[in-house]
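Read through the structure below, which is laid out as C-alpha cells, and then see the notes.
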Amino acid sequence: MKLFIVESPTKAKTIAKYLGNDWVVKATLGHIKDLPENELGIDLETLEPRYVWLKGKRKILDSIKRLAKRAKKIYIGTDPDREGEAIAYFIKEELSKINRYLYRAIFYEVTKYAILKAVETSGDINLNLVHAQFARRILDRLIGYRLSPFLWRDLGGRGLSVGRVQSPALRLIVERERQIQGFKRRKYYYLKVEFEKNGVSFFAVLNQRFEKASNAEPYLKKLKDVMFVVKQIAKNTQKEVPPKPFNTVSLQAEGSRKLGLSVDNVQKIAQRLYEDGHITYPRTDSYRINKQKAEEFMSFIEKAYGKEYVGKLRSYRDKPLAQGAHECIRPTNLNKKPRGELDLKLWHLITSRTLASLSSDALREKTIVKLYPLTEKDLEFVAEGLKTLFDGWTKLYTTEVKEKPLPYLEEGELLKPKRAYIEEMQTEPPPRYTEGTLVKTLERLGIGRPSTYATIVKTLKSRGYVIVDRGYLKPTEIAFRVVDYLTERFPKLMDYTFTKDMEDHLDYVEEGKEDWKLVVIESYRKVLNESNKG
DNA sequence: CAGTGAGCGAGCTTCCGCTTGACTT
C-alpha cells in the first residue's frame, strides 16, 4: 500500500480515482500546526517559533500515522506554494520517525497525468519555501500581537486590533470617507438640443461646459427657432473582448453585486458548490482554464448559439503573486445543476461567465455626429450613437451597456430641433467601497490571499471598524482614530506597498539568497520606525 | 478602629493563512 497526502478532502477523492487500488489518499484539512493563539509563541531572542497542534488535527494525523506504518511509500502532495510546503514540512516531521520512504510530490493541476508525473518526479521538501512561510507567519504575529496592545493602551478600546492586512484595508476605507466628507459638490451646466426624426429622438450637446446657468442662457436665446445642419458623421466599430473567467476576487465582487449578498456569503455558497462537485476549487487567484474543458465548453457554445459565437482560447497572464495549482472558478459539468435557489443562481453566474469568456468579441458601432446651428456656424454640437453590430459574448453574459439609437442622417442635412434647454449637472464624490470593490482593491495592491479576502471584511466588521450601510462600507468613529494613530506611529505598516516589499524579500528567502530571520527583523524594524537598534 | 489609597499581580483583548466538518442553538 502507498499513501498520498493532500490538503483538501475533495481533492483526495479525485486523486484516489486516478491512482490504483493499492493507494490510500488522505487529507489534512489545511494547516496542522500554528503558533499558539493565546500567547506570542515566538522567542524574541532567537525568533524561534513554537508551533502547536491546531484543534482536531492531532486526531487526523494519528489516523494518517496508522496508515504510514503499513505504507511502502508516502507522498506528500500538499499545494505547491509557501503554505503548502510548510504543511508538508510538519507532516514530514510527524511521519519521518515512522517511515523513511517519504517524498514530496508536486503537481499544478488535478489530472491523472499530472498526479502520476508528480509521483514519478517526487523529491524532498524545499526548506527555503518553508522558511519563507515561517518569516511570513512570524512577522504577521509580531505585528498583530505586539502592536494591538498599543491601541488598547492609548485608545482605550477592548479588542481593537492591528494587522499587516486589516490595517491598510481599514485605511482605504477611512481615506475614502475623508475624500467624501471633504468633497464640495459643484454644479455645472450643458446646453442640450433634442431632435426627432423617423420616430427616433436623440440629443446633441454643445461641446462646452458652463460654470453658471446664466452663462449658458445667451446661447440658448440665440437658438430659438433656428435650424441645425449636420456637419459631419464619423463612425467607428469597436471590439469588445469578453471578460476573463472568475477567480476568487472577481466572483466575490460580481456575486455580491448581482445577488446582493456579502462576499462572505458568496464564498460560503461557492464552497458548497465545490464540495458538491459543481464547480472547481473556489480559492484561486488564477484565470487559467483547463484546455480540454475549454474545448468542451466551446463546442457547447457552438451547438447552443452557433459557430459565430465561439471565441478563442485566451491565455491570461497571472499576476506575479499568483501561486499554486488551481485554475479559474468554472463549472465542472454543464449538465449537472445544483439544487437550492442561491446555489443555482451562483452556479448560473459562474457558468455564463465561463462560457462568455470563451465566446467571441462583441462588435459595437459608435457614431459621432457634429452639428451646428444655421445662424451660429462656430458653435459645435455633438450627438453620439451606439449600436451593437454583433452581440458576441454579451449574449451569454449580461452587461450594462446601453444602446444609444440614432436615426439615419446625412451630412448637410437640415434638422429642426424639438427643444433646446440647459441641463444642470453636479460633480459627485467618489463612492464608498462595497465589500466587492474593497476586495478588488486589496487584490490589486497584493494585500491578502484568496482564502482570506472574505475574512478580512468580516474582521473589520466584527472589530466595530466598519458598518454596512445600504451595501456600502462606512467606517465608524473608532476606525478614524485607529487609522490616525497607526499612520502617525507606524507609517511603514500603513503604506500600501508594505506587503509587496515583504513579498520581495520572501522571494529571496525562497531562492535561498536571504536568511528568513533577517527578513523578519528588518521588516519588523521598519514597522517600528527603528533603524539600528537590537 | 474604620476607611482610604497606593502599589502590585493576575488575567485579558490581538495576527494571517490553509482547510472543512463537528459542534451547539
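Chain letters run A, B, ... following the sequence lines, proteins first and then strands; every chain starts at 1.
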query: Would you call A:D62 and A:R66 a salt bridge, taking side-chain N to carboxylate O under 4.0 Å as the test?
result: no
Every stem of 3 or more Watson-Crick or G-U pairs under 3.5 Å that DNA chain B joins, in order of first number, is none
Whether the side chain of A:S122 engages the backbone of A:A105 through a donor-acceptor N/O pair (distance < 3.5 Å, no angle test) should be reported. no
Collect all protein-nucleotide pairs involving nucleotides 19-21 of chain B in which both atoms are nitrogen or oxygen and the distance is under 3.5 Å.
| from | atom 1 | to | atom 2 | distance (Å) |
| --- | --- | --- | --- | --- |
| B:dT19 | OP1 | A:D79 | OD2 | 3.2 |
| B:dT19 | OP1 | A:Y281 | OH | 2.0 |
| B:dT19 | OP2 | A:Y281 | OH | 2.6 |
| B:dT19 | OP2 | A:R283 | NE | 3.0 |
| B:dT19 | O5' | A:Y281 | OH | 3.1 |
| B:dT19 | O4' | A:G30 | N | 3.3 |
| B:dT20 | OP1 | A:S8 | OG | 2.6 |
| B:dT20 | OP2 | A:Q271 | NE2 | 3.0 |
| B:dT20 | OP2 | A:R283 | NH2 | 2.6 |

For residues 511-521 of chain A, the side-chain hydrogen bond (donor to acceptor under 3.5 Å, both in side chains) pairs (sequence neighbours left out) are A:E48-A:K517, A:H505-A:E514, A:E511-A:K513
Sorted by chain and number, sequence neighbours left out, side-chain hydrogen bond (donor to acceptor under 3.5 Å, both in side chains) with A:R50 holds for A:E39
Would you call A:K345 and A:E341 a salt bridge, using N to O less than 4.0 angstrom?
yes
Salt bridge present between A:R257 and A:E254 (N-O < 4.0 angstrom)
yes
Fill in: NZ/NE/NH1/NH2 to OD/OE distance under 4.0 Å, A:D22 and A:K72
no
**Request:** Would you confirm whether A:K293, through its side chain, and A:T332, through its main-chain N or O, come within 3.5 Å as a donor-acceptor pair?
**Result:** yes
task = Measure from the side-chain N and O atoms of A:T452 to the backbone N and O of A:T455, and report whether any donor-acceptor pair falls under 3.5 Å.
result = no
Strictly under 3.5 Å: I want the nitrogen or oxygen pairs between protein and nucleotides 14-16 of chain B, one per line.
| from | atom 1 | to | atom 2 | distance (Å) |
| --- | --- | --- | --- | --- |
| B:dT14 | O2 | A:G144 | O | 3.4 |
| B:dT14 | O2 | A:Y145 | O | 3.2 |
| B:dC15 | OP1 | A:S161 | OG | 3.3 |
| B:dC15 | OP1 | A:Q166 | NE2 | 2.7 |
| B:dC15 | OP1 | A:R463 | NE | 3.4 |
| B:dC15 | OP1 | A:R463 | NH2 | 3.2 |
| B:dC15 | OP2 | A:R463 | NH2 | 3.1 |
| B:dC15 | O2 | A:R137 | NH1 | 2.9 |
| B:dC15 | O2 | A:R137 | NH2 | 3.3 |
| B:dC15 | O2 | A:R141 | NE | 3.0 |
| B:dC15 | N3 | A:R137 | NH2 | 3.0 |
| B:dC15 | N3 | A:R141 | NE | 3.2 |
| B:dC15 | N3 | A:R141 | NH2 | 2.9 |
| B:dC15 | N4 | A:R141 | NH2 | 3.3 |
| B:dC15 | N4 | A:Y145 | OH | 3.4 |
| B:dC16 | OP1 | A:V165 | N | 3.0 |
| B:dC16 | OP1 | A:Q166 | N | 2.9 |
| B:dC16 | OP2 | A:Q166 | NE2 | 3.2 |
| B:dC16 | O4' | A:D140 | OD2 | 3.3 |
| B:dC16 | O3' | A:R164 | NH2 | 3.0 |
| B:dC16 | O2 | A:R136 | NH1 | 2.9 |
| B:dC16 | N3 | A:R137 | NH2 | 3.4 |

Here the side-chain hydrogen bond (donor to acceptor under 3.5 Å, both in side chains) pairs for residues 139-164 of chain A, sequence neighbours left out, are A:R136-A:D140, A:D140-A:R164, A:D154-A:Y485, A:S161-A:Q166, A:S161-A:R463, A:R164-A:T499
Whole-Å distance, A:I60 CD1 to B:dA22 P, equals 10 Å
